[in-house]
Amino acid sequence: MKTRYEPADVEPRIAQAWLDSGISHPEPEGDPAENYSIAIPPPNVTGVLHMGHALNNAVQDTLIRRARQQGKRTKWILGTDHAGIATQTQVEKELLSRLGTSREELGREEFISRVWAWRERYGSQIIEQIKRLGSTPDFSDERFTFDDRYGEAVLKVFVDLYEKGYIYRDRYLVNWDPGSRSAISDLEVDEREVTDTLFYIDYPLASGSGSITVATVRPETMLADVAIAVNPDDERYQRLIGETAILPIVGRKLKIIADGYVKTDFGTGALKITPGHDPNDFEIGNRHGLPHPSVIGEDGCMEGEAVPERYLGLKTGDARIAIVAELAELGLIRRREEYTHTVPFSNRSGARIEPLISLQWFMRMDELAEPAVDVVKSGQIKFHPERWTKVYLDWMGNIRPWCVSRQLWWGHQIPVWYHDDGRVHVDTKAPDGPGWERDPDVLDTWFSSGLWPFATLGWPQRTPELKAFYPTDVLSTGRDIIFLWVARMIMLGLEFTGEIPFSDVYIHSIIQAPDGRRMSKSLGTGIDPLALIDGGERPPVFAKSAGEDAGEFPAYGADAVRWGLLAMSSGQDVRFNEEKVSQAQQLTNKLWNASRLVLGRVDAGTRAEARPQAPEDHWILARLQRAVAAVGEAIDSFEFSRAALSLYDFVYGELCDWYLELVKPRLYEGDPDTAATLLHILTETVTLAHPLIPFVTEEIYAHIPGSEGLLAGGRAQSGASAGNPDALAEHEVERAIEAIQAIRAWRDAADVKASAILEAQLRAEGYEETVAHLARLGRLEIGVDGDGLDGSAAAIAIPGGVIHVLASADVDVEAATRKREAKRSELEAEIKRAEGKLANQGFTAKAPPAVVEAERTKLEALRAELEAL
RNA sequence: GGGCGAUUAGCUCAGCUGGGAGAGCGCCGCCUCGACAAGGCGGAGGUCACUGGUUCGAGCCCAGUAUCGCCCACCA
């Protein structure tokens, strides 16, 4: 065994062993209440692994491995998402750049087959990357949201919802994304701040007596104006309500109407109403029974009956310039001003949203939302951290219809056929006979992902998988898709299975770039998890100054990356910090070397068993017990950073820093009880650590004499960590540790060489069992006969007493005295504080007795220590 | 406009139900001591953003202020 743990030598081999072992592929048996299942958030089939995946995989794999240790039959459902827009866009780009062709040129069927080919080529990439992380989803049972079987479930859901009246088709104002040339949902729209010119335009009154001025940033939409609205209480316009204005350029008559929506203090207080191209105007138009003509087509160019011929086909931007020029010529532009406001952009294509009236499929959500609200309010589904509950409930509380149709090709085609004669056929199967044509649109990707937890298990068939693993237990994801995905899974799960799809929703942290920006490939702030694992270029975002080379990542290994990410993420958004990964690397290395110490010294015949002999054995067993509880509770309550740090504290701060040092003499003597106990401690420690750092623990486990099978197979924590902790022994060891630290600090202060063994006298009770440790680790020769005090050069204060150090050339007496006096005044100050507190009647009267008692005990101990000094 | 979160050591962050401020990294000093130099030991370093309040006692609870971040929302 090497002195340094090299993850690269170990991890691939072990990952393969896990794959071959079948541990992640359960038989579909038993009851979902006893079984444990998680459905992975399916990554985009053409995606590559990023930090969010790495963290989320660490989370889910930790949960899954813990469940295995608890003896549960576990299923981690794996699969990928066809990701409609994203994938289609990617393939279209590829077609254009490599073949100079477009999907339109290829035709629908050919294009789809190209996407499948693309999927064959790149689809397994992210799955391979997930393997490298050490994740153990069921690789033998991979799903895809565009598989035939999955597709059947999607169509069935559509048809059912249609028949129940939830899904309907309507001409409605939608968010049109000119980039992907499709409608998109409200959730795919980002608001961005933009500076536009606000034009004040005079609309002449039909009466000929003057004009009314409206303000707009989109003059080109005026061609679709149907009215002018003012606030009914606006005194300026009272007399104009009911009058008629003339739409410039076109000459159409516009009624001046009153509507409470109009603000009196913005613009001119008069609003042009364009229901065909503005959501608010659409509402107002509906209230007043107005038509909603359209002047902008799906290609973002001017079209429609209302458009004068000279403007037809112009892009909206060009049309704006031309129309403003014409208005200026007519003398109707009263004013222009800079105006900064937020406007919608597609977060798919980045294009500015063009609100358009369009014939689309919608899903009514309010009724479906009700039970989905109830199960969260009642606690059947819990969010972690808990604050996301409110976010979810607020959104569900005023949920709006969902536009589910997309004008794409890569997706589940809507199962609706239209006949020449006007008949409509909605069914999972095509109708017989001629004259039918299928709706060309496909469903929003999130429509199919919404079925993920049950469609992956074979629903609508009552498959053994569905019976055994649905409902699932935990859904772990990022907060950006709470509405897009989580909410829809809950609604659709309840509607179609009658059960909650999962009982806990864990919302993991977002890991930001080291400089606090969003991690993004295009910004150059992304960090590739695999570069961290296997070593690779450290991105420029790490550079201390611009242009400086940030060097390379060492090959930290998957364990380090997993632990590091978990330790970073405490439910809060955090900056990526490489030190945490490095800290984890040290942890794995430490554990590795600790195991070398133990395994190199025990016989092959030794079997792990707790056979405590000395106080430190009881102490470490108690600490182990505590660590097992702490790590377990932390994982169970989704506090992964706490779990990671609790583990670290135990392995580093207790096991390696102290126990191994204390036990060394007995280990070197070859004491069989010590060896057995050490093996027990080591076995239990790797078991405890395994969900968080699976590779190194598996590797160590394989070297432990008598170990059987794979640790990942679900070895349970052996509960009997030697029964009840021996409180007395624990206390003895604690004070021994404090004493050793005091001695070391004193040696340092007194400038004593590390190699010097000093003669000393112990003057303190309670070290009978541990005095040898004080001597060895404090590098003292401790006599206990009480002689030799005359030669005392210094006194070291330790809990419950003092150690006298005999005069020696190695001791700087002056420095030692300074140290002693410093300690003395420290003690005096603390005594004073404790006395003051106890003298406070309020404290003694109102504080809990236990607290007061603890304070008294502490004071006594301090006084004793000072006394001894 | 509404909501949520953050503000603790030089840096990145812990600190769960109120009872003497912690970690990792960085910094200083010592150490090739039979697991580990990616190591060990010791140390320095903090008015817990600010102002009030509740309490015997506040980093933690309450009110307000400031700064930063995120989410939701239909002001032309």
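Throughout, protein chains are lettered first and strands after them, A, B, ... in sequence-line order, and every chain is numbered starting at 1.
Residue pairs meeting the side chain to side chain donor-acceptor pair (under 3.5 Å) criterion with at least one member in residues 262-282 of chain A, sequence neighbours excluded: A/Thr221-A/Lys272, A/Asp225-A/Lys272, A/Asp225-A/Thr274, A/Tyr261-A/Asn280, A/Lys272-A/Thr274. Counting only residues at least two apart or in different chains, side chain to side chain donor-acceptor pair (under 3.5 Å) contacts with residues 564-576 of chain A comprise A/Arg479-A/Asp573. The stretch residues 212-223 of chain A participates, sequence neighbours left out, in these salt bridge (Lys or Arg N to Asp or Glu O under 4.0 Å) pairs: A/Arg218-A/Glu220, A/Arg218-A/Glu354, A/Glu220-A/Arg320. Counting only residues at least two apart or in different chains, side chain to side chain donor-acceptor pair (under 3.5 Å) contacts with residues 826-846 of chain A comprise A/Glu835-A/Arg863.
Taking A/Phe843 as the reference, nothing meets the ring pair (Phe, Tyr, Trp, His ring centres under 6.0 Å) condition, with sequence neighbours excluded. With sequence neighbours excluded, no residue forms a ring pair (Phe, Tyr, Trp, His ring centres under 6.0 Å) with A/Phe345. Scored by the salt bridge (Lys or Arg N to Asp or Glu O under 4.0 Å) test, A/Glu337 finds A/Arg335 as partners (sequence neighbours excluded).
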When you check every protein heavy atom under 4.0 Å of nucleotides 22-34 of chain B, what one-letter string (B, S, -) results, 5' to 3'?
-SSS---B-S--B
Assign a letter to each nucleotide of nucleotides 71-76 of chain B from its 5' end: B, base within under 4.0 Å of a protein heavy atom; S, sugar-phosphate only; -, no contact.
-S-BBB
Using a cutoff of under 3.5 Å, can you pull out all pairs of nitrogen or oxygen atoms linking the protein to nucleotides 6-10 of chain B, with atom names and distances?
none

Using a cutoff of under 3.5 Å, can you pull out all pairs of nitrogen or oxygen atoms linking the protein to nucleotides 54-57 of chain B, with atom names and distances?
residue	atom	partner	partner atom	Å
B/rC56	OP1	A/Lys846	NZ	2.1
B/rC56	O2'	A/Asn840	ND2	2.9

Base-pair map of RNA chain B as dot-bracket, where | denotes pairing with a different strand and pairs are Watson-Crick or G-U under 3.5 Å:
(((((((..((((.....[..)))).(((((.......))))).....(((((..]....))))))))))))....
